[in-house]
Amino acid sequence: MSAPSGLSDAMIEATCTTNVPKPTNNLTNPLLTDLYQITMAYAYWKTGQHLRPAHFELFFRKNPFGGSYTLFAGLDEVLKFLAHFRFTEEDIHFLRNTPQLGHCEPAFFDDYLSNLDCSDVVVHAMKEGSMAFPRVPLLTVTAPLGIGNLIETTLLTLVNYPSLVATNACRMVVAARGQFWEETAGCSPPLKESKVSSSPPRSSGFRGTPRKSVQMAEGGMTDIRRRKPKCVEFGLRRAQGPDGGFSASKYSYLGGFHATSNVLAGKLLDMPIAGTHAHSFVQSYTSLDLVKDARLKRAAKVGEEAGDEMVVLLPIVLKYRQQLDYNETNDGELAAFVGYAVSFPNSFLCLIDTYDTLQSGLRNFILVSLALNDLGYTPRGIRLDSGDLSYLSLECEYLFHEMAERMDRGFFYGLDIVASNDINENVLNSLNKQGHAITMFGIGTNLVTCQAQPALGCVYKLVEVDGQPRIKLSNDMEKVLIPGRKIAYRLFGEAGWPLLDFLVCRNETQMPSVGERVLCRHPFIEQKRVAVVPARVVKLHNLVFDGKNGVVSGLPSVEQTRQFVNDQINYTRADLLRYINPGEYKVSVSDETFRFLHQLWQKETPVPELR
Ligand SMILES: Nc1ncnc2c1ncn2[C@@H]1O[C@H](COP(=O)(O)OP(=O)(O)OP(=O)(O)O)[C@@H](O)[C@H]1O
Ligand SMILES: O=P(O)(O)OC[C@H]1O[C@H](OP(=O)(O)OP(=O)(O)O)[C@H](O)[C@@H]1O
Ligand SMILES: O=C(O)c1cccnc1
Ligand SMILES: [Mg+2]
């Protein structure tokens with residue numbers, strides 16, 4: 001409903017008919033737009049065009065990162081924006097005094113902008129988290145020309161980065177899993193077998209495929225079944241400001257990341273947060289004296305309360321240092337690990353590369369882990385933040401397994417090996433090829449800045465006005481607009497995979513249906529066509545916002561969307577997920593749409609004359 005002009009913000013809030021939350025970032029308001037949207041709105045208003053019925057499509061032309069798919073994200077914030085769209089009195093005051101708008105008639109501000117809301121806007125959209133492909137609208141807007149045009153930039157900014165970073169995250173999660181891990185997915189810790197084996201190999205297996213078996217403490221033979229590595233987002237410090245950081249945390253979780261280090265994201269989105277410690281923590285401990293009295297309780301046994309006795313940890317650590325002859329390790333680092341152990345005995349995970357990863361960090365971690373375990377705790381693992389992550393992770397794993405056997409401690413088999421340091425998709429793929437023992441990747445800079453491609457090219461185009469399809473031509477075929485309001489379908493084959501996306505102009509009589517042969521044409525290349533008999537037909541767009549009733553659907557939780565993303569990825573042809581030369585997913589149009597597009601193209605193009 002349009003609120004009368006001159007209402008205060010509080011009153012406008014009270015007239016809002018929906019319970020939709022406000023946009024997460026309060027910069028998301030009608031002034032978060034390009035000036036030209038407002039100058040065009042004025043021209044539409046001035047010439048009496050602003051109420052003409054129009055239809056817009058928001059889509060991209062090319063998948064990012066050289067890939068074959070894009071995850072659609074950001075719809076939730078689009079809906080919040082539309083539901084709360086109102087210029088405030090201050091906004092109007094600012095616009096009225098903007099030099100470029102100085103000559104505009106007062107009624108434009110007082111009658112039009114002051115009363116403008118989205119009550120005449122209707123939005124259809126793909127489900128948030130959908131795998132999307134070039135040219136298929138992510139969302140469509142049916143609205144009077146004035147308001148439909150005015151929301152372009154904000155909608156684009158609300159969709160472009162979330163979709164880009166969600167896609168980036170998803171690609172990293174797929175790369176982190178790798179082909180190798182598929183065989184052994186989900187099997188952790190190692191499974192014990194009954195046969196007695198030969199001795200474990202002497203070398204760590206550096207750069208080779210992982211050793212297939214090691215001998216466990218009990219003398220049984222076990223396969224090394226590694227876990228599917230998980231990805232944790234560490235990017236806040238490198239992101240494009242607070243909104244970039246927060247959005248990255250949210251949408252990389254949606255794309256399949258396991259957790260974030262961003263505490264605010266944990267609070268506001270109820271998503272898992274995770275973290276280790278930094279080098280500064282290790283650097284700050286200069287001697288063992290600093291922790292000589294550090295103590296903790298023994299862990300409670302199952303069904304029992306923890307006792308009250310406080311045990312000093314350092315003597316136990318030093319006893320193991322003697323026993324294992326690890327006397328040359330760095331004392332300050334050992335002190336830091338003791339300090340961390342008494343503070344977080346149930347989640348003891350140490351950064352081990354401050355001084356020397358293998359000679360000091362790894363050994364110090366083992367010493368403190370043994371002592372902690374004596375008191376009934378299960379240490380969590382280590383983090384590597386420099387050096388050759390393949391080599392170092394395999395060396396660490398090798399020593400852990402050796403310790404499991406030598407010291408008779410099964411927990412060494414279950415330790416996490418976290419790796420960080422400028423990780424990107426290439427590094428992940430390269431690590432898979434080399435072999436590694438990493439169970440978790442901490443990824444920051446390259447994830448949140450989308451270093452491999454810093455922007456997604458979503459556009460927002462007018463495709464129909466007054467019920468008449470509009471075309472936009474270009475020398476670049478990729479940029480030619482498929483005119484008119486279209487209905488988008490995903491056609492599935494018998495095996496359950498999506499075969500292609502299919503666009504049909506709204507006024508066509510024949511829509512695709514299960515079991516019926518349909519001709520699917522490349523929109524521009526006449527010879528490219530395929531006949532499909534779909535086993536399943538899914539309409540891709542649903543009504544999500546109807547100005548009269550507000551948000552109709554489209555606000556699932558991030559958790560639900562994440563699950564939806566995961567389900568789709570698990571049901572995607574392997575060639576589409578391939579890193580190098582991924583397969584191309586077809587986006588086709590109906591025969592009628594093809595003909596109509598090319599007729600209109602001819603009609604709107606003048607015949608050049610050569611003399
Ligand atoms: N085995 C590996 N294969 C491919 N890339 C790797 C491997 N190990 C590490 N990398 C990557 O190589 C790069 C190493 O960067 P760089 O040389 O700047 O770091 P470093 O010297 O190891 O550590 P520091 O941060 O202390 O400088 C990182 O991007 C890292 O992710
Ligand atoms: O490398 P990223 O993917 O961005 O992951 C986040 C990085 O942030 C932290 O250290 P920081 O980079 O601040 O310092 P460091 O490189 O000296 O460890 C952490 O140790 C990672 O290295
Ligand atoms: O918790 C961590 O280990 C962490 C968090 C942010 C950036 N780098 C590392
Ligand atoms: Mg760094």
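Just so you know, these numbers come straight off a predicted model, no measurement behind them. Just follow the structure's listing: the first ligand is 1, and inside any ligand the first atom is 1.
Per-residue contacts place Asp422 under 4.0 angstrom from the following atoms of ligand 1 (heavy atoms of the residue considered): 28 (C), 29 (O), 31 (O). Per-residue contacts place Ser390 under 4.0 angstrom from the following atoms of ligand 1 (heavy atoms of the residue considered): 1 (N). Residue Gly275 approaches ligand 3 through these ligand atoms, each under 4.0 Å from one of its heavy atoms: 1 (O). Per-residue contacts place Thr276 under 4.0 angstrom from the following atoms of ligand 3 (heavy atoms of the residue considered): 1 (O), 2 (C), 3 (O). Near Ser430, meaning under 4.0 Å from any of its heavy atoms, are these atoms of ligand 1: 3 (N), 4 (C).
Taking only non-hydrogen atoms, the option from Ile438, Asn421, Asp385 nearest to atom 14 (C) of ligand 1 is Asn421.
Checked by distance only, ligand 1 and Ser386 stay at 3.5 Å or farther apart across all their nitrogen or oxygen atoms. Some N or O of Gly387 is nearer than 3.5 Å to an N or O of ligand 1, by distance alone. Considering backbone and side-chain N/O of Leu431, none are found under 3.5 Å from N/O of ligand 1. The N/O atoms of Ser261, backbone and side chain alike, include none that comes under 3.5 Å of an N/O atom in ligand 3.
Residue pairs meeting the ring-ring contact (aromatic ring centres under 6.0 Å, His included) criterion with at least one partner in residues 246-271, sequence neighbours excluded, do not occur; the list is empty.
A donor and an acceptor atom, one from each side chain of Ser430 and Gln434, are located under 3.5 Å apart.
Side chain of Arg562 to backbone of Val565: no donor-acceptor contact under 3.5 angstrom is found. Formation of a donor-acceptor pair under 3.5 Å by the His277 side chain with backbone atoms of Leu351 is found in this model. Here the side chain of Ser393 pairs a donor or acceptor atom with the backbone of Ala437 at under 3.5 angstrom.
Under 4.0 Å is where a charged nitrogen must lie from a carboxylate oxygen, and between Asp374 and Arg298 no such pair does.
Ring geometry, Tyr585 versus Phe133: the interplanar angle falls under 30°, so the pair is classed parallel (tilted spans 30 to 60°).
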Notebook entry, point to check: Stepwise, does the ring-ring contact (aromatic ring centres under 6.0 Å, His included) test hold for His401 with Phe412?
Noted result: CA-CA 6 Å; His401 289 179; Phe412 277 110; 9.4 Å; no
query = For Phe348 and Phe365, what are the C-alpha separation, side-chain angles and deciding distance, and is it a ring-ring contact (aromatic ring centres under 6.0 Å, His included)?
reply = CA-CA 9 Å; Phe348 179 62; Phe365 169 77; 5.5 Å; yes
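With a 4.0 Å cut-off on non-hydrogen atoms, Gln434 touches ligand 1 through its side chain and not its backbone.
Protein heavy atom at the shortest distance from atom 6 (C) of ligand 3 is Arg237 NH2, 3.6 Å. The protein non-hydrogen atom at the shortest distance from atom 8 (N) of ligand 3 is Phe234 CD1, 3.6 Å.
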